[in-house]
Amino acid sequence: MTREPSVIVIGAGMSGICMAVKLKQAGITDFTVLEKGGDVGGTWRDNTYPGLRCDVPSAFYQYTFDRNPNWSHFFSDGAEIHEYFRRTADRFGIRDHIELNTEVTDARFTDGRWHVRTGDGRTRQADFLVGATGVLHHPVVPDIPGLDTFEGTTFHTARWDHSASLAGKRVAVIGTGSTGVQIVTALAGEVPELVLFQRTPQWVLPVPNWRNDPLTRALRRRFPALTRLEYRAIEQIFSVLVAGMVRDGWQRKLLSRLCELNLRTVRDKRLREALTPDYQAMCKRLVMSPNFYRAVRRPGVRLVTDAIDHVEPRGVVTADGTLHEVDVLALATGFDSHAYLRPIEMVGPTGRTLAEAWADGPKAYRTVALPEFPNFFLLMGPHSPVGNFSLVPIAEVQADYALTWIEAWRRGEYTAAAPSREATERYNAELRAAMPDTVWASGCQSWYLGKDGLPEVWPFSPHRHAKMLRDRHTGEFDSEFEGVKA
Ligand code: N01
């Protein structure tokens with residue numbers, strides 16, 4: 001028996017596009033991608049701040065099925081990456097399957113199918129649901145007293161207001177994660193006054209960036225094997241580095257040393273002390289920048305380490321009572337990395353809701369599925385290997401996994417399947433046991449940590465994650481649910 005599955009994918013960012021292309025390549029025609037924004041590209045559509053670049057080399061931050069020989073830089077900028085994802089959607093003919101400005105509000109599995117409701121009140125049905133809503137897409141606006149009284153321009157960095165000209169303006173940036181560092185590096189010297197409010201210093205790895213010259217690009221176009229080789233080489237290097245830096249390997253020592261040497265380039269003792277973290281490198285996501293320390297030393301740039309007390313109409317007041325007058329306030333304060341699918345309301349056939357399932361924090365089965373939510377798969381789900389690694393190969397591995405289940409359904413091997421609670425608990429217990437030894441649990445605050453203080457990222461090598469998902473582990477799945485005929 002063969003059946004034609006219907007699939008709804010939520011989100012047309014990097015992972016949603018990946019899933020859609022894979023469905024199309026498998027000959028599945030009945031699929032729809034519901035995207036709440038007005039364009040594809042997810043994070044690369046939302047983030048347009050000055051200095052935006054991917055901190056993973058472009059040769060490795062791309063799909064294996066759509067290698068681009070024309071990347072302009074080793075680390076390309078946000079606009080170029082966004083354009084790449086838009087082009088992939090066009091080249092693989094999935095645009096017709098994408099419904100933009102269509103926000104999913106709730107999804108229920110009843111009568112053996114997913115019933116997915118969108119903001120316009122419509123309900124669509126499908127045999128499978130894939131959540132590809134991304135990890136970092138709910139901006140966190142800090143709870144700073146008086147923030148709404150500021151008379152200048154305020155925005156979160158993921159909602160950069162390009163209508164507000166920065167020419168001649170005094171700009172404040174709150175936050176020193178990858179985003180804050182990139183913005184400060186880009187704006188130093190471009191605006192008369194730039195104030196960086198740093199709550200916690202970051203370790204910064206000075207990885208250089210370079211332009212891919214026309215000859216290199218021509219060679220890549222002429223010999224596509226070169227791009228494949230480059231991808232594999234960077235993948236190997238990243239896998240070895242990430243695997244060793246998560247635990248206490250030589251890689252962690254090497255990268256820590258490079259960060260320390262970078263910090264030493266700051267000759268001013270007081271400034272260097274202010275920029276010196278009191279936790280291990282890589283405990284927070286490592287920031288990559290060859291020229292951040294040069295930027296903070298430029299005339300017109302000021303690093304403020306006093307705690308922010310409140311904001312008033314003219315600027316930011318720190319705990320020592322100083323008013324830092326500014327015209328623009330950019331909130332580089334990060335994202336709610338634990339939201340995942342929420343606020344979408346999901347209900348499985350047993351009546352269990354996603355809110356109940358994740359009351360103690362998001363947990364999944366092998367990063368990709370949830371007990372009691374049959375025929376549902378997650379891309380970039382809880383505990384995915386997102387720490388300083390390319391998310392693109394991870395999305396591909398997870399999409400391939402989902403596809404193997406969809407293919408098995410097509411062959412009539414089952415009707416509805418979800419991982420068992422026991423298997424999910426066993427898997428999560430294994431993750432929990434591995435967490436205390438990871439660098440993320442070595443004593444710092446970061447978006448990697450969950451409510452329970454334990455990291456919500458993959459504690460092993462990315463290679464092990466890929467290997468784990470090569471097998472469907474069918475024995476760990478339940479296939480009988482209320483209202484579903486086997
Ligand atoms: O956010 P973050 P991000 N008062 O959460 C500070 C990816 N990314 O947008 O450290 C004062 O890292 C907070 O301080 P503290 C990448 O995965 C990738 O920078 O909590 N400060 C911190 O300094 C990255 O890891 C690229 O003490 C406050 C900052 O805000 C992830 O996105 C580029 C505050 C938040 O840092 C998130 O990076 C950019 C408050 N009330 C981002 N609240 C690439 O290149 C928060 N902070 C791919």
Side-chain angles (χ1 to χ4, degrees), residues 13-14 42-44 46-58 60-61 73-82 134-147 155-160 172-186 195-205 207 209 238 242 275 277-279 282-290 292 303-311 316-319 324 329-338 380 384-392 394 440 443-449 455-457:
M14 177 278 288
T43 196
W44 302 104
D46 291 346
N47 286 276
T48 57
Y49 60 76
L52 172 65
R53 253 171 219 289
C54 185
D55 59 8
V56 174
S58 302
F60 185 40
Y61 194 86
H73 287 79
F74 186 64
F75 297 106
S76 296
D77 69 28
E80 191 175 345
I81 296 167
H82 185 206
V135 192
L136 299 169
H137 77 292
H138 291 295
V140 170
V141 173
D143 193 11
I144 301 174
L147 191 57
F155 44 77
H156 189 276
T157 52
R159 302 285 181 270
W160 195 273
V173 176
I174 299 181
T176 44
S178 303
T179 304
V181 164
Q182 289 187 339
I183 292 170
V184 166
T185 308
V195 190
L196 172 60
F197 290 92
Q198 171 191 278
R199 186 164 68 180
T200 313
Q202 288 272 0
W203 286 109
V204 181
L205 190 68
V207 188
N209 191 13
F238 262 66
V242 169
L275 290 166
D278 63 359
Y279 55 87
M282 283 145 303
C283 182
K284 286 171 178 283
R285 185 182 158 113
L286 197 53
V287 172
M288 320 267 183
S289 173
F292 171 62
L303 177 76
V304 175
T305 55
D306 291 306
I308 295 173
D309 184 74
H310 66 277
V311 172
V316 180
V317 179
T318 40
H324 304 266
L329 199 48
L331 307 172
T333 42
F335 301 86
D336 178 359
S337 58
H338 316 295
M380 294 299 136
S384 288
V386 296
N388 281 113
F389 195 71
S390 174
L391 303 198
V392 186
I394 305 300
W440 310 303
C444 71
Q445 263 308 316
S446 80
W447 62 262
Y448 290 154
L449 301 182
E456 276 178 11
V457 271

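One-based numbering, in listed order, for ligands and for the atoms of each. Hydrogens, waters and symmetry mates are skipped; everything else that's a heavy atom, side chains included, is used.
- Within 4.0 Å of ligand 1, counting heavy atoms only, the contacting residues are Tyr49, Arg53, Cys54, Asp55, Leu136, Pro142, Ile174, Gly175, Thr176, Gly177, Ser178, Thr179, Gln182, Arg199, Thr200, Lys284, Arg285, Ala332, Thr333, Gly334, Phe335, Trp447.
- The side-chain heavy atoms of Val56 and Val392, taken from C-beta on, include no pair separated by under 4.5 Å.
- In terms of the ring pair (Phe, Tyr, Trp, His ring centres under 6.0 Å) criterion, residue partners of Phe197 (sequence neighbours excluded) are, by chain and number, His324.
- When side chains are defined from C-beta on, Met380 counts as touching Leu391, because their heavy atoms get closer than 4.5 Å.
- With sequence neighbours excluded, no residue satisfies salt bridge (charged side-chain N to carboxylate O under 4.0 Å, His left out) with Asp77.
- Taking the six-membered ring for Trp, His156 and Phe335 have ring centres closer than 6.0 Å.
- With sequence neighbours excluded, no residue forms a ring pair (Phe, Tyr, Trp, His ring centres under 6.0 Å) with His338.
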